[in-house]
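Here is the structure we will look at.
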Amino acid sequence: MARKSNTPNTTTSRSSSRSSTAPAVTQRTTSTPVRNSAIPKVEPAAPKVVTYEMIARRAYEISQSPERGSDFDNWIRAERELKGL
């Protein structure tokens, strides 16, 4: 009884689809990676409302601290701190 070989048959001819006139395959590369998820949109923050009372309270707190200045300086500092300037 003859044994069958597991090696592929090497006597078959190659397909003619790989001719020397086949167009060259170019590979495209991208400079940035592709995102698979959507970029979340951030809503702009609502403008901060600073009231007269808020400024007055902070100016008073500043006037009680060791770094106090004149009433006007305390008021301006309180406005800047609360408005984020």
Problem - Pairs touching residues 63-75 that satisfy salt bridge (Lys or Arg N to Asp or Glu O under 4.0 Å), sequence neighbours left out - result: none

Completion exercise
Interatomic distance, CD1@Ile55 vs CG@Asn74, rounded to 0.5 Å, equals 13.0 Å

What side-chain donor-acceptor pairs closer than 3.5 Å can you find for residues 78-85, not counting sequence neighbours?
unit_1, atom_1, unit_2, atom_2, d
Glu81, OE1, Arg58, NE, 2.6
Glu81, OE1, Arg58, NH2, 2.9
Glu81, OE2, Arg77, NE, 3.0

Practice task
Would you please name every residue forming a side-chain contact (heavy atoms from CB on, under 4.5 Å) with Tyr52, sequence neighbours left out?
Solution key: Trp75

